Trainee: 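Let me begin by handing over the structure; questions about it come next.
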Amino acid sequence: MKFGVVIFPGSNCDHDTHHVLKSVLGQETVFLWHQDTDLQDVDTVILPGGFAYGDYLRCGAIAKFSPILESVRRHAQDGKLVVGICNGFQILQEAGLLPGVMLRNAGLRFVCRHVWLRTENNQTLFTNACQEGQVLKIPIAHNEGNFFISKQELAELQENQQIVFRYSDAQGDVIPEANPNGSIDSIAGVMNRQGNVMGMMPHPERASEALLNSEDGRFIFKSMINRVH
Amino acid sequence: MEITLDLIESHGLTTEEYEQIRKRLGREPNLTELGIFSVMWSEHCSYKSSRLHLKRLPTQGPQVLQGPGENAGVIDIGDGLAAVFKMESHNHPSLIEPFEGAATGVGGIIRDIFTMGARPIALLNSLRFGPLEDTANQLIMEGVVAGIAGYGNCIGIPTVGGEIQFQEAYSHNPLVNVFCLGIAPAHEIFLARASGVGNALIYVGAKTGRDGIHGVTMASEEFSEDSESKRPNVQVGDPFLEKLLLEACLEAMKTGAVVGIQDMGGAGLTCSTCEMGSRGEVGVEIELARVPQREEKMTPYEIMLSESQERMLLVAEKGRQEEVLEIFQKWDLDAVVIGEVSEGHDLTVYDQGSKIAQMPNKALTEEAPVYDRPAQRPAYLDELPRWQDLDFPEPSDYNTLLQEIVSSPHLCSRRWVFQQYDHMVQTNTAILPGSDAAVLRLKGTSSGLAVSLDGNSRYTYLDPRMGAMLAVAESCRNVVCCGARPLGATNCLNFGSPENPEVMWQFIESVEGISQACEVFATPITGGNVSFYNETNGAAILPTPILGIVGKLEDLKQIRESFFQKVGDSVYLLGETRAELGGSAYLEHLGLPLSGPCPALDLNQEKALQDKLLDLIALECIESAHDVSEGGLLLSLAECCFPRTLGLTMEASTPLRPDHYLLSESPSRIVVSVRKEKEEEFLKRVSDLDVHKLGEVTDEIFQVSVNEQSLISVPITRIFQVWNSFLDGVFEH
């Protein structure tokens with residue numbers, strides 16, 4: 001399994017993601033520079049968290065014009081895996097590869113803390129290592145993570161089981177108090193219709209080592225590794 | 001332009017200082033030169049009032065790789081690595097424009113760290129505000145926290161800890177002290193000095209604008225009501241640009257073509273050029289026409305004095321500048337050769353080929369004036385009330401007392417603050433904010449670093465020397481409680497006007513206290529910052545020395561959190577509790593006047609306690625360790641219970657009045673929890689200490705009895721709730 005982690009100017013979770021994939025999980029992992037178009041034969045592309053282009057204009061709005069995005073789009077069209085984490089998720093939305101938009105958090109402040117996620121669909125390329133309904137402890141750190149989408153599109157997401165994670169409490173109950181940013185339907189992670197492109201606001205790379213309070217993020221990386229082997 | 005008395009005064013220079021400038025140049029300076037001298041001889045850049053006294057600080061030690069005088073201090077932490085760290089203030093700008101003031105403070109200290117060739121891995125901050133009952137103070141705090149978050153979160157350096165105090169004296173003079181820690185290979189430290197005649201001077205980063213001109217002069221004056229008019233002196237930060245600068249500089253340093261580097265912070269291009277020339281004993285020549293400019297028709301005076309943020313100056317080996325320029329180009333940064341290292345020892349400035357300023361580097365830097373300002377013991381010290389003379393009754397209901405103190409601004413949870421900071425990016429945060437010290441793991445090793453910032457302004461007001469010693473002791477104790485051994489220190493000394501002899505006395509006494517304590521704890525001062533003139537309308541802040549201690553945790557497996565881990569563990573207090581309520585949070589909570597004396601510290605006893613704790617941790621005798629400080633034993637025990645919502649059954653006996661006992665702030669005390677199986681060994685090992693069994697960790701109820709009288713019995717969740725949500729109540733209504 002070969003992973004590629006894209007570096008945009010302003011990415012700041014690029015090294016963290018690379019560290020988990022390579023040093024913790026032992027996967028072949030390379031960095032991909034935003035100006036390049038060669039994806040170096042990776043199986044999975046990860047767009048990491050950060051503030052690509054300073055999030056100026058709108059989160060992800062400038063990054064979508066990076067040359068590498070065209071290659072990422074083709075990669076996705078070929079049915080290969082693409083994952084956006086936090087800012088990466090926002091970029092994939094701006095690029096039209098994932099549904100919905102991100103509004104500012106309902107509390108109008110940046111929020112960094114651990115949250116609980118209920119696995120809504122464990123029959124995906126990103127969650128097949130999770131139990132049905134498994135609750136994962138993974139941190140968030142964002143200012144614009146308030147997922148929004150039209151009612152009709154939301155119904156489609158629900159119908160097609162594209163909602164991968166919802167914010168919940170520790171017991172797995174999806175309740176308003178457990179929603180940290182006001183996301184519609186408590187959505188924390190979604191995938192495209194084809195099921196090969198996924199975005200999530202929480203940071204699994206920050207929850208993949210015992211020292212860091214949770215290892216639940218590994219279920220997500222392991223799911224992707226399982227699938228390709 | 002003729003240099004008049006008015007002009008001299010408006011530059012913050014005295015007539016004596018102007019005479020010295022004339023003598024040093026052998027002629028009248030022109031306006032640009034006057035501007036350059038004025039910023040370099042400002043208190044902020046020259047340390048003219050403090051330099052004499054800072055010599056007293058211990059700066060040596062086998063672990064010190066770089067002491068004061070560079071952009072940051074460096075200590076050896078083993079495994080071929082060095083810790084690079086420093087703390088700086090950004091107080092004045094944060095009053096005028098809280099968000100940008102705090103943000104650019106963060107940006108400035110980060111540049112100081114990566115300038116040394118280190119990758120910044122953690123930020124901490126120490127903040128002081130006026131009471132939160134005043135909405136003006138709320139707005140300042142809200143802006144400062146958002147500014148720190150806005151910069152740190154974007155650039156991707158976690159803000160992992162710090163401390164906050166509220167006191168009326170900071171209402172019109174908030175303090176924002178920012179600390180940054182970086183890691184570098186021990187043998188690849190970069191210094192801010194120019195060398196090699198003919199080597200290229202490269203300007204990198206943001207274009208130069210008219211922002212921040214005379215920022216350092218502003219920081220070297222008291223404030224008055226019209227300070228609002230100085231808003232244009234505050235710079236605007238761009239963390240995205242600095243992120244590019246950080247990555248590009250670290251990459252450029254790897255080429256081996258960079259021989260020296262300094263950031264353009266206070267006093268901008270002026271400071272970076274003459275300081276690098278002075279340290280390297282060389283001359284520096286620059287051509288202003290080549291400096292990237294954001295605005296039209298900027299004068300040489302403006303270009304030299306601009307404090308536009310996110311700019312660096314590099315010296316690259318002659319003939320290899322292209323290698324360096326290419327890297328900056330890759331990161332979409334402006335990078336231009338603006339001059340070169342020259343023969344001689346002067347800073348020479350050209351504009352379109354004509355010479356417009358020439359001054360000896362040393363005259364601007366090392367040979368700036370040094371003042372031995374008069375100092376006098378403040379009169380207020382003789383008029384301080386003694387807390388023992390205050391007539392406050394024993395509380396009738398301790399349950400209520402506990403609820404009240406945990407929901408006071410002084411002692412409540414700081415969650416509302418640190419939740420706005422990305423404290424996990426870089427995935428090194430081994431202990432989340434809220435414990436005694438922040439702990440960062442060092443990837444690729446089995447070790448980590450612990451950092452704590454501390455200072456209690458009420459103590460330093462009551463007794464500047466003792467207060468400063470207490471700050472060092474507490475900072476070291478916090479680091480030790482996590483299982484780390486203190487290795488080095490930095491400080492940020494915030495005071496009123498040095499021209500006031502009473503303030504000068506407070507300053508000298510504080511430096512003396514820090515010196516004595518740092519010697520005992522073997523934590524040399526590797527750098528720091530002095531911020532004078534923290535006065536508005538003639539009222540000075542409380543003397544506020546803040547200490548930052550960095551320690552090494554040899555084995556991450558031995559990391560200790562400050563809170564209780566398991567039901568059934570025994571709880572002990574190490575150290576003696578005396579009736580010491582002077583300057584305490586308890587009296588502050590009761591609304592009583594600030595009264596002395598502040599708690600007394602025995603440095604050697606403190607050191608022995610800390611050494612013992614490290615032994616106990618190494619022998620795996622204890623499960624958790626939490627220091628007792630503001631809020632006394634009562635707050636400390638509650639904090640031990642909160643994170644895992646555990647309870648406690650405590651039974652203590654004391655000759656003191658119970659509230660005095662529970663809220664005394666006697667130093668040199670640590671609450672530890674011990675597993676039952678380890679209790680016998682633990683007791684054997686602490687037989688030479690003052691040890692008191694307090695009780696046992698339970699699963700729900702926080703129960704306190706003193707002298708066989710039950711005082712408190714309340715579900716921990718209820719106490720946690722009020723403690724945890726107080727700041728939400730202030731800011732989220």
Side-chain angles (χ1 to χ4, degrees), chain A residues 7-20 22-24 33-36 48-57 59 62-63 66 86-87 105-115 138-144 180 202-214 217, chain B residues 119 121 142 145-146 148-160 237-248 329-333 415-434 439-441 443-444 446 448 556-557 559 561 643 728 731-732:
Chain A
I7 303 179
F8 296 97
S11 294
N12 65 29
C13 302
D14 42 354
H15 287 272
D16 301 354
T17 309
H18 187 275
H19 166 76
V20 168
K22 186 152 191 172
S23 305
V24 179
W33 183 242
H34 70 115
Q35 294 281 17
D36 294 340
F51 289 69
Y53 290 94
D55 276 352
Y56 290 140
L57 193 58
C59 305
I62 304 177
S66 285
C86 197
N87 194 226
N105 294 346
L108 301 182
R109 295 191 200 282
F110 191 97
V111 180
C112 175
R113 65 175 171 93
H114 280 96
V115 295
I138 296 181
I140 53 166
H142 58 246
N143 198 34
E144 286 92 5
H203 288 269
E205 81 282 7
R206 297 185 183 187
S208 295
E209 294 171 85
L211 185 76
L212 303 177
N213 286 291
S214 170
Chain B
R119 177 167 286 279
I121 65 162
E142 198 169 15
V145 170
I148 291 170
Y151 210 101
N153 297 354
C154 178
I155 199 168
I157 300 166
T159 302
V160 294
D238 180 353
F240 169 60
L241 185 54
E242 182 142 314
K243 167 71 173 166
L244 303 184
L245 209 48
L246 157 67
E247 297 298 337
Q329 208 168 15
K330 171 186 157 191
W331 288 95
D332 297 325
L333 290 165
R415 179 190 49 77
W416 179 85
V417 175
F418 64 70
Q419 194 169 285
Q420 294 183 57
Y421 303 149
D422 187 340
H423 49 265
M424 302 185 201
V425 64
Q426 296 195 19
T427 60
N428 297 320
T429 313
I431 291 190
L432 296 172
V439 178
L440 291 311
R441 61 109 172 247
K443 286 194 182 104
S446 56
L556 280 172
K557 288 199 200 84
I559 200 166
E561 290 169 321
D728 291 314
F731 291 101
E732 306 293 337

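Hydrogens, waters and symmetry mates are skipped; everything else that's a heavy atom, side chains included, is used. In what follows, chains are A, B, ... by sequence order, proteins preceding strands, each numbered from 1. Computed from a prediction, not measured in an experiment: that's the story for all the values here.
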Trainee: Just how far is it from atom NZ of B:Lys330 to atom CD of A:Gln35, taken to the nearest 0.5 Å?
Mentor: 10.0 Å

Trainee: Can you tell which part of B:Lys557 gets under 4.5 Å to a heavy atom of chain A, answering side chain, backbone, both or neither?
Mentor: neither

Trainee: Examine whether an atom of A:Arg113 lies under 4.5 Å from a heavy atom of chain B, and if so say whether it belongs to the side chain, the backbone or both; otherwise answer neither.
Mentor: both

Trainee: On a heavy-atom basis, which atom in B:Phe240 and which in A:Pro9 lie closest, and how many Å separate them?
Mentor: CE1-O, 3.3 Å

Trainee: Chain B: which of A:Ile140, A:Val111, A:Leu211 shares the most heavy-atom pairs with it under 4.5 Å?
Mentor: A:Leu211

Trainee: With a 4.5 angstrom heavy-atom cut-off, could you sort out which part of B:Thr427 is near chain A: side chain, backbone, both or neither?
Mentor: both

Trainee: Identify the heavy atoms of A:Cys112 and B:His423 that sit nearest to each other, and give their distance.
Mentor: O-CE1, 3.3 Å

Trainee: Can you confirm whether A:His19 sits close enough to B:Lys443 that some side-chain heavy atom of one is under 4.5 Å from a side-chain heavy atom of the other?
Mentor: yes

Trainee: Where is the tightest heavy-atom contact between B:Leu244 and A:Gly10, given as atom of each residue plus distance?
Mentor: CD2-N, 4.2 Å

Trainee: Where on B:Ala430 is there a heavy atom nearer than 4.5 Å to chain A: the side chain, the backbone, both, or neither?
Mentor: both

Trainee: Ignoring hydrogens, what is the shortest heavy-atom contact between A:Ala141 and B:Asp422? Give both atom names and the distance.
Mentor: CB-OD2, 3.7 Å

Trainee: Heavy-atom pairs under 4.5 Å with chain A - which of B:Ile157, B:Val425, B:Leu241 has more of them than the others?
Mentor: B:Val425

Trainee: Heavy-atom distance under 4.5 Å to chain B: side chain of A:Asn143, backbone, both or neither?
Mentor: neither

Trainee: Any side-chain heavy atom of A:Leu212 sitting closer than 4.5 Å to one from B:Arg441?
Mentor: yes

Trainee: Do B:Glu732 and A:Leu108 come within less than 4.5 Å of each other through their side chains, counting heavy atoms only?
Mentor: no

Trainee: Tell me the closest heavy-atom pair linking B:Phe731 and A:Arg109, and the distance in Å.
Mentor: O-NH2, 3.7 Å

Trainee: Compare every heavy atom of A:Ser11 with every heavy atom of B:Lys243, then report the nearest pair and how far apart it is.
Mentor: CE-O, 3.1 Å

Trainee: Run the numbers on A:Asn12 and B:Ile155 for side-chain contact (heavy atoms from CB on, under 4.5 Å), then give the verdict.
Mentor: CA-CA 7 Å; A:Asn12 65 29; B:Ile155 199 168; over 6 Å; no

Trainee: Using non-hydrogen atoms only, which part of B:Glu242 is less than 4.5 Å away from chain A: side chain, backbone, both, or neither?
Mentor: neither

Trainee: Is it the case that B:Asp332 and A:Tyr53 place a side-chain donor and acceptor less than 3.5 Å from each other?
Mentor: no

Trainee: Pick one of side chain, backbone, both or neither for A:His114, based on which atoms fall under 4.5 Å of a heavy atom in chain B.
Mentor: both

